[in-house]
Number of protein chains: 2
Amino acid sequence: MDNQLKRGLLDVCVLAAIRKEDSYGYKIIKDLKPYVELSESTLYTILKRLEAAKMLTVRTAEHDGRLRKYYHITGQGLGRIEEFKTEWKAVISIYQFVVKEDGNE
Amino acid sequence: MDNQLKRGLLDVCVLAAIRKEDSYGYKIIKDLKPYVELSESTLYTILKRLEAAKMLTVRTAEHDGRLRKYYHITGQGLGRIEEFKTEWKAVISIYQFVVKEDGNE
DNA sequence: ACGATATACTTCGCGTTATGATGTATTGCG
DNA sequence: CGCAATACATCATAACGCGAAGTATATCGT
């Protein structure tokens, strides 16, 4: 998938991945894999960004003697998803502009 | 509209804007305005990029004593639009992942 | 006649972002 | 014991959108 198309989708994908229940880095990557691939460096960058924006909170917990950082979505995070749904209407209208009248759809 | 969401959309929007007939900078911005706003600096950057990628060709012509650069889409440019349509299927599946099961759609 | 606005294109620098490379550390399997 | 998987972190890089500023001409109102 095109590199650029991902942008604007990734943040909201990560939020969606932790929406139902708290999750952690490695699991998020695996859960998102069917939809979108992202590297570890990309994910941890996104998580930091979302944390700074208060869209999620972090909690460190031990699991099998290993530390895990569990991420929990906040109200603002949920709000971001709602906002995304609104923006999506504009995206659809752009899509329709691009595919219309091209003579071979 | 979110800055990041535009990426991956803008290139293909510009190609779509010159698809039916050759166009020039100012007109492209006006034609795209109902769908997506972009500044002149953004557009001319994109046009240069698309030209370098051979997705369009440029021709300078005089109009009312002023110079205009007319952009013409190439086969590769049209191919990019087709590619975009394919990528769109992945985008839709991402969108559905994001909006599903959020308890308040 | 003159200033404002629209047309038209260009360049520079900045901030945001995705990613590969690299590193650290533990668990579990063959 | 070695190797893959789990788990998180940092750094440098390149791409990209955009505001700001500049240049130049046409048009329109007063």
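Reminder, nothing fancy here: chain letters follow the sequence lines and each chain counts from 1. What you see is a predicted model, and the numbers here were worked out from it, not measured in a lab.
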- In whole angstrom, give the distance that lies between atom CG of A:Leu47 and atom P of D:dC8. 9 Å
- Query: Measuring from A:Ser23:OG to A:Tyr71:OH, what's the distance to the nearest 0.5 Å?
  - Reply: 10.0 Å
- From CG of B:Leu50 across to P of D:dA15 the rounded distance in Å is 15 Å
- Item | Length of the line joining B:His63:NE2 and D:dA24:C1', which is rounded to integer Å | 16 Å
- Message: Using whole Å, what does the distance between atom P of nucleotide D:dC8 and atom CD1 of A:Ile29 come to?
- Response: 9 Å
- Message: What is the distance, to the nearest angstrom, from the NZ atom on B:Lys6 to the C1' atom on D:dG19?
- Response: 12 Å
- A:Leu43 CG to C:dG20 C1', in whole Å, measures 15 Å
- Does B:Thr42 put a side-chain nitrogen or oxygen below 4.0 Å from OP1 or OP2 of D:dG17? no
- Item | Nucleotide D:dT27, atom P - distance to OH of B:Tyr26 in whole Å | 15 Å
- Query: Would B:Lys6 and A:Glu87 pass as an ion pair if we require N to O under 4.0 Å?
  - Reply: no
- Is the shortest side-chain N/O distance from B:Tyr24 to OP1 or OP2 of C:dA8 below 4.0 Å? yes
- Task: Check for a donor-acceptor pair, side chain of B:Thr74 on one end and backbone N or O of B:Met55 on the other, with a separation under 3.5 Å.
- Result: yes
- Write down the atom of B:Leu5, the atom of B:Leu9, and the distance for their closest heavy-atom approach. O-CD2, 3.1 Å
- Message: If you compare all heavy atoms of A:Gly77 against all heavy atoms of A:Leu15, which two are closest, and at what distance to 0.1 Å?
- Response: O-CD1, 3.7 Å
- Message: Can you build the contact string for nucleotides 10-17 of chain C? Use B for base contact, S for sugar-phosphate-only contact, and - for no protein heavy atom under 4.0 Å.
- Response: BB----BB
- Sequence neighbours excluded - side chain to side chain donor-acceptor pair (under 3.5 Å) pairs with any residue from residues 49-60 of chain B: B:Asp11-B:Arg49, B:Asp22-B:Arg59
Pairs: protein N or O with nucleotides 27-30 of chain C N or O, under 3.5 Å:
{"unit_1": "C:dT27", "atom_1": "O4'", "unit_2": "A:Arg66", "atom_2": "NH2", "d": "3.2"}

- Task: Output yes when at least one side-chain N/O atom of B:Lys30 is less than 4.0 Å from OP1 or OP2 of C:dT7, else no.
- Result: yes
- Message: What's the separation between atom CG in A:Leu50 and atom CD1 in A:Ile18, rounded to the nearest 0.5 Å?
- Response: 7.5 Å
- Task: Round to a whole Å and report the spacing from NZ of B:Lys27 to C1' of C:dT7.
- Result: 14 Å
- Item | Over all atoms of both residues, closest heavy-atom pair of B:Cys13 and B:Val36 | SG-CG1, 4.1 Å
- Query: So A:Trp88 and B:Trp88, would you call those rings parallel, tilted or perpendicular, with 30° and 60° as cut-offs?
  - Reply: parallel
